[in-house]
Amino acid sequence: MGDLVTTAFLSILVAGFLVGVVVGLTGMGGGALMTPALIFLGVGDAATVVTADLTAAAVYKTGGAIVHKREGSPHMRLATWLVIGSVPTALLGPYLINWLAPPGGLDRTLKLCIGFALLFAAATYALRLYINLRRMRTGSHSDDTDPVVRPLPTLLIGALGGLLVGITSVGSGSVIMIALLMLYPGLSAVKLVGTDLVQAVPLVMAAAISNIALHGLDWAILVPLVLGSVPGTIIGSMVAPRVPQSIIRRGIVVVLTMSGVALLDKAGWAPLGAGEHETHPGLIALVGLVTLLLLPVVWGVLRHTTGLPMFGAPTLAQVEDPTYRPGGFRAPKPEPPTSPIVGKSAAAATSTSSSAAD
């Protein structure tokens, strides 16, 4: 028993549980959190970690997709076009990066790719807020349950997301969702989440199969990862309505930014100045602090670009709440003043036009 329950086993189990809780709370992609966590735990090289994370994601995303399918929330035609685009590139991605990486440099190349993908995923959070704010500002908040599907751009979104997920395991729950939000701004929140979950299942399965065929599967990582992430996701989903998600999401952005910089640092990215396998903890902590302080400023600038004051209503939590409906940002147009004489003239004109119509 002691050989099975090792320190590494418990570490992966706890990491899987914590990330699963966050995924259940916020719906943000688990790969963006789990992959760097496992790399920093030192349980395997980058290729092994990506393979295990994708395989575990295929398990817990399937459960979420089944629930959404039973409730009728996914837009199946939209999901189908995403899958047509994503599955081939998800299968191709691992072989492509393996071919492009220099001899013996696959681990470093993957860390660089994952680092940049994490920074991109963090940036999509600000983009998502901006899109929601624009929708509120313009009053285009009507939910479209059946938008007209645009096959070519939808297929291209799937292809880009599939390539990113196949290489890094990051993007199925962040990048693709943002792209869908931009392409189909009227798609309701529940349809958006349901569609993203349904298309993500074949996507991560294809990416997992391709990575397993190329790198093999480490069961010592996969088993505790699944045992921790599945109950974590369930618990997170159950307590989500009682937890302020805006605070958690802001914390995730800080963590993603710090993790992305740390991985680039660990991979020896030249602008950061560290050698391979070396990190600058002080630099990473400074990046986290700056990100934390900059988030309110960035939010204020986004508000200002829409014509709102930098701070005030709607709050960040209200913008993130898909059920929130503002009372109307734009003041109603004042009716022109009417005198009794003008009123009578208008009434007479209406009566005349009615008589002419008859």
Side-chain angles (χ1 to χ4, degrees), residues 19-20 22-34 53-93 121 124 128 131 143-166 168-211 226 229-230 232-234 236-238 240 322-323:
V19 172
V22 174
V23 172
L25 282 173
T26 66
M28 295 186 74
L33 298 171
M34 185 61 72
D53 179 49
L54 285 169
T55 308
V59 175
Y60 64 75
K61 282 182 182 288
T62 300
I66 291 173
V67 172
H68 277 273
K69 183 65 176 67
R70 285 178 178 175
E71 295 176 354
S73 63
H75 192 297
M76 294 307 298
R77 187 161 180 263
L78 183 55
T80 299
W81 279 107
L82 288 170
V83 169
I84 292 172
S86 66
V87 168
T89 55
L91 291 169
L92 175 65
T124 61
R128 183 175 182 176
I131 293 173
D143 291 340
D144 188 357
T145 57
D146 191 21
V148 177
V149 176
R150 301 162 63 185
L152 182 57
T154 305
L155 188 145
L156 291 176
I157 289 173
L160 176 61
L163 187 64
L164 187 62
V165 173
T168 67
S169 81
V170 178
S172 64
S174 52
V175 176
I176 291 180
M177 186 176 288
I178 293 299
L180 285 179
L181 193 59
M182 296 175 67
L183 189 59
Y184 301 99
L187 195 66
S188 64
V190 66
K191 285 278 186 183
L192 183 67
V193 174
T195 303
D196 181 68
L197 267 176
V198 168
Q199 68 83 28
V201 173
L203 164 57
V204 296
M205 282 184 175
I209 290 171
S210 187
N211 274 280
V226 172
S229 61
V230 171
T233 305
I234 295 172
S237 301
M238 291 173 62
T323 64

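In what follows, every heavy atom counts, from backbone to side chain, and hydrogens, waters and symmetry copies are set aside.
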Considering all heavy atoms of both residues, which atom of [X] and which atom of [Y] are nearest to each other, and what is their separation?
X      : Y      : value
Asn211 : Gly166 : ND2-O, 3.2 Å
Ala206 : Val87  : CB-CG1, 3.8 Å
Val204 : Ala58  : CG2-CA, 3.6 Å
Ser169 : Asp53  : OG-OD2, 3.0 Å
Thr89  : Gly158 : OG1-O, 4.1 Å

Should Val198 and Val83 count as side-chain neighbours, where that means a heavy-atom distance under 4.5 Å? no
Just wondering, do Val149 and Thr80 contact through their side chains at under 4.5 Å, heavy atoms? no
Quick check for you: to the nearest 0.5 Å, what is the distance between [X] atom [atom1] and [Y] atom [atom2]?
X      : Y      : atom1 : atom2 : result
Ile176 : Thr195 : CD1   : OG1   : 12.0 Å
Met205 : Thr55  : CE    : OG1   : 10.0 Å
Leu91  : Leu163 : CG    : CG    : 11.5 Å
Leu33  : Ser229 : CG    : OG    : 12.5 Å
Leu155 : Leu160 : CG    : CG    : 11.5 Å

Show, in sequence, the C-alpha distance, side-chain angles and deciding distance for Ile234 and Val230, and conclude whether the side chain to side chain contact (heavy atoms under 4.5 Å, CB included) test is met. CA-CA 6 Å; Ile234 295 172; Val230 171; 4.2 Å; yes
Without swapping roles, check the side chain of Ser86 against the backbone of Gly161 for a donor-acceptor pair under 3.5 Å. no
Considering only distance and modelled atom types, tabulate donor-acceptor pairs under 3.5 Å from the side chains of residues 178-186, sequence neighbours left out.
| residue | atom | partner | partner atom | Å |
| --- | --- | --- | --- | --- |
| Tyr184 | OH | Arg150 | N | 2.8 |
| Tyr184 | OH | Thr154 | OG1 | 2.5 |

